Structure formats: C-alpha cells, structure tokens
Amino acid sequence: MQPYGVSVFSQVNYPNAFLYTALIRGYTIDGLLKESLLIYSAMRRGGVTPVSFTLTSLLKACGSEVNVNLGRQIHGEIVKLGGFSADLFVGNVLIDMYLKCGYLGCGRKVFDEMPARDLISWTSLIDAYAKAGDMGSASELFRGLPVKDMVAWTAMVTGFVQNAKPREALEYFEKMQSAGVQTDEVTLVGVINACAQLGAVKYANWVRDVAEKSGLGPKNDVHVGSALIDMYSKCGSVDDAYKVFKSMQEKNVYTYSSMIVGLAIHGHAGSAIELFEEMVKTDVKPNEVTFIGVLTACSHAGLVEQGQSLFEMMEKSYGIKPSVDHYNCMVDILGRTGKLEQAVKLIESMPMEPSAGIWGALLGACRIYSNPDIAEVAARNLFNLEPESIGNYILLANIYAKAERWQDVLKVRKLIKKKGLKKNPAFSWVEGEKGVIHEFYAGDMTHPRFREIKEMLQDLINRLQMDGYEPNLSSVLYDVSEEEKRRILMNHSEKLALAYGLLVTEDGCAIRIVKNLRICEDCHLFMCGASKISGREIIVRDNMRFHHFHNGTCSCSNFW
DNA sequence: TTAGGGTTAG
C-alpha cells in the first residue's frame, strides 16, 4: 500500500524539503516507519536539508511504534544537523519519543541538556516519573517549575492517584485551588478518583459539590459522570451511583461498565444483568470490561448457566476474545458454586497460560469447599508465579487446618518462615463522628477510648449470644484452645471498628467499615447479628467487595 | 500542534 502522495511526488523533478516532509509524514501516519526512513535517506542523499517538522514526524512515529533504535538514529541526525538541538519543539518531541519507548533516563538527559524548556517539557517528564511510580522525582521537578499551570498541577494530582496516594492527591488539589489555578474536567476526574480510593462518603459528597459548582456535573460531562459512578460505588453508596447514572444525558461504554461493575460488587446481580441487557439495546457496544462486570455479577450470585452463556456470547455476538481475566471470572463462577473439577477442566482448556489470579480463584474455591487435594495443585502453581505473596501460603495453611491436617499446616508455616515472608497485619477503619476516620489493628488496645470500645463489644456479644450467636471457631486457624480461639476472634479489627462506630455515631446512622483483608466467616456472622439487634445498617468493604448488613442478613447472601 | 483523564474480579 502506498500513500496517495507518492504518485504526485514522483512527478516532481527537484523535490524540496517540504515535499519530502509531506511524503514522509504520509508514510508515518500510515504506520510505515521503515518506508518513511527510506525517503529520508533519499532526501539526505539528494542534498536536501530537513526542516524541524521532518524530524518530528519521524520521531513521533518512532514513539508510537516504540522503536527506540530508529529513534536514536534520528536523535543522531538532529545532533549532526546542529541547529535543531536548540529547537524547543524538536526537543519536546524527542523527550516524548524516549518516554513513549520507556527510556525515562534518556528523556531526562535530553531535558537536562536543552538550552530552553517550556511547560510542556516539564510536564511530560513529571507525568513520566509519576507513571513510573517515582513521585519523589516528579515532586522535585514540579517544585522547580517556575510557572505552574493547570496541566502541570493536574499531572501531579493524577500522579498521586495512579500511585495509590489519594491523600497527597487531595492535598495538591487544595494547593492548586489556593494558588488560584483553574480546574477543568481532567483535574476533577483525578480528584474524584482520589476520593474513590479513600472510600469515604464525606469526601465523595464534597467532591460532587466541587464538580457541580464548577459547572462540570454528571449532566454536563460524561467523564466526570462515569468517574462519579465508580466513586460512589467504591464508597459503598450504590444508590447514589445509580442516581448519578440516571441523571446523565450522555452515556458511553465507561458509564455503563462502571455502573454494571458497581452493581455487581454490591451484590445486585440481577440489576447488573438487567442493565447489561438494557445497554445492548442502545448504540453503546459493550467492551471487555463490561463483560468482566456482568460475569462478576454472575459469580457473586452463583449464576452458572447465565455466566456460561454470556461467556460464549462475548466472542460470537460481540467479537470480543475472552482474555485471561474473563477466564478468571469463569473459574470463579464454577469454583464458588462448588464445581471444582469443571473449573480445573476449564483451566486446562485455556488458550493462554493461566495467571496467578486463575489459580487464586481456584484456591479460594477450595477453601470454601474444603478440598485440600485440588488446593495443592492451585497452590503449587501460585507458589511458582508469586513466590513472595504470603496470602497464598496462608490460604493453603487454612485449608489444611480446616481439614485438621496439622502436619501439613506446619509444613506450610515452615515454608513461610524459610522464605522470610511477613504476614500482612489485618486492619479496619471506620468513619466516626463528622467523617473522622479511625484505624484499628487486630487486638488493637491503643485507642484512647479502648475501655468503652471493649465494653460496647462485650455488651454486643452478650446480646448476640442471647439471640443464638455462637462464635465460629473454625475461623481461627491456629491449633490453640477453644478459649484462646474465642479471644482471638473477639479482637478482630472489624469488630473493634464496629464497636467504635456504634459508640460514636448517632442512632439510625449507617456504619461504614473498610477492611484491608477479606472478612472472616465469624465476623460476617457477627455483623449479620449486630445489624439486627442494633437496627443499624452496616456496610463493610473488604478487599473483595461490599457487604451490606441489614436486619440480620447480608447482601452477599453469605456467598463471598 | 509536542504535556494531564473515565470502567476490571479474586
């Protein structure tokens, strides 16, 4: 295939730099980098001196093709040609080429050697450092920036978000506002994501006000709206997420997918599937994420056949090849419903290498259905893929413990010790008065109101026991006495957080708890009972999903 | 015409 320009070009006897450049640009736009370089060589052989646009066209193509070797050759040409090294525009495109190819150090070197830099040079590098996870270098550059504009500030805000530092992101947003810098929808999306990471309702409502006040609410901007949906569902308010969804005039695949995923993680499987069916009737086509959402919904509701038919529909009706993540959902669906052999068969039939997530889903299913034999297969693969991830070892030890295979438990514990792996401490946090957040570790006695918390917890236990609650001792995976098991269970961080929440929030107010690990069976049972006797709604976000406890039952139908 | 953005489970 040749660009149209070729036939015209070939009729010119003495093409000049602009004609050559136009032809080169034609090739680069079509992704024909090698061909464009041949034209460039011909141009040089013909004694025609390139203009800056000639070189930037080539550099841009090297960036998008991720071809640093050719990019370096062009860099060499720039140096050889002398004058272009001082060209700000050429320098910026050169930096961009190195960054797109993943050569941050080379990009920095060009930056340092540039005779003059502008906001674009600085911001490109700040963003690159942020994406590489080096917020230290990003901040350092940002501090040195003589004039900071909206884009530079936004690069910092989103950089902190990308590195899971939501508090710093909000801090920079506040500084940005105090500096009198305007914000636009890109900044807002970053701030909204920061609030989603924090998962606190207080911030969620605050950022929504900020968006509305700047005239960029969900009605006006589809990006902001979609981000708000995701934020509200991550903050535990799927109803608010749905209100945002309903209020939006323009809806695209992100809008629908965020809403479907939101409904799925909150246990509203039926609504998630209904929304999917509504979506496919519109012009908005589902993508791979949308399918992750509906398949997750099926997995949380135990809908095997529906999941299987959606999985088949993906490729047949929508031309989306199932990825390893979609297989992961299917393994989860089969595993959670106890179809462990079928899950293993599906893994064996996969057209790609199973990921750690796949084996993790299988191992999780083995825990629910107490199947140490299949668990060993899953664990062996996991130990290969993620030798340093302690969670897998603990899960296997737990499965052995449940089967009372204490010798095997000991073996796994020794393995953990030999590898020098440290256990992740469990912690929970809860929104207290005025949205103030308090964090509790398991067995935490450091809170100034610990005595009151303990009393509240004991009172709760007494009332629950009168209601028939019996501690689920098999949730403790140490081979210790029953009494010790009871003591360990009662000090789980989410129970402490709940007691504190009951202590400091008003009657009728929902209690929101976030836990860094998965909620244990005993705490789940405990929360069910507590929601009944206290008349409070309890919302727990664990590392997997949301649990809404209300009047003695959980939205997950004890299926998680 | 070179810089910042939205959805992914377990």
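Fair warning: this is a prediction, and the values are worked out from it, not measured in the lab.
- Look at CE on A:M314: it is 15 Å from P on B:dA9, rounded to the nearest Å.
- Paired with A:W122 under the rule ring pair (Phe, Tyr, Trp, His ring centres under 6.0 Å), one option of A:F111, A:W153, A:Y129 passes, and it is A:F111.
- B:dA9 atom P lies 14 Å from atom CG of A:N287, rounded to whole Å.
- Under the side chain to side chain donor-acceptor pair (under 3.5 Å) criterion, A:E388 pairs with no residue, sequence neighbours left out.
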Legend entry - Annotated protein contacts, base or backbone, on nucleotides 1-6 of chain B with a non-hydrogen cut-off under 4.0 Å, one of B, S, - each: SBBBBB

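- The pair A:E113-A:K109 meets the salt-bridge criterion, with a side-chain N (NZ, NE, NH1 or NH2) lying under 4.0 Å from an Asp/Glu carboxylate O.
- Seen from the ring of A:F142, A:K148 counts as a face-on cation partner, given the 6.0 Å and 45° thresholds.
- Dense packing is recorded around CD of A:E212, with more than 12 heavy atoms of other residues, nucleotides or ligands lying under 6.0 Å away.
- Both tests pass for A:K251 against the ring of A:F245: distance under 6.0 Å to the centre and angle within 45° of the axis.
- Within the cation-pi definition used here (under 6.0 Å to the ring centroid, within 45° of the axis), A:R25 does not qualify as a partner of A:F53.
- Within the 6.0 Å centre-distance limit, the rings of A:Y327 and A:F311 are counted as a close aromatic pair.
- In this model, a side-chain donor or acceptor of A:N328 finds a partner on the base of B:dA9 within 3.5 Å.
- Separating the CG atom of A:L310 from the C1' atom of B:dT8 is a distance of 16 Å, rounded to the nearest angstrom.
- Following rounding to the nearest Å, A:I292 (CD1) and B:dA9 (P) show an atom-to-atom distance of 8 Å.
- Spacing between atom CZ of A:F311 and atom P of B:dA9 amounts to 18 Å, rounded to whole angstrom units.
- The CG atom of A:L362 sits 15 Å away from the C1' atom of B:dA9 (whole-angstrom rounding).
- Taking a 4.0 Å limit (strictly below) on heavy-atom distances, residues 234-243 of chain A reaches DNA chain B at A:K234.
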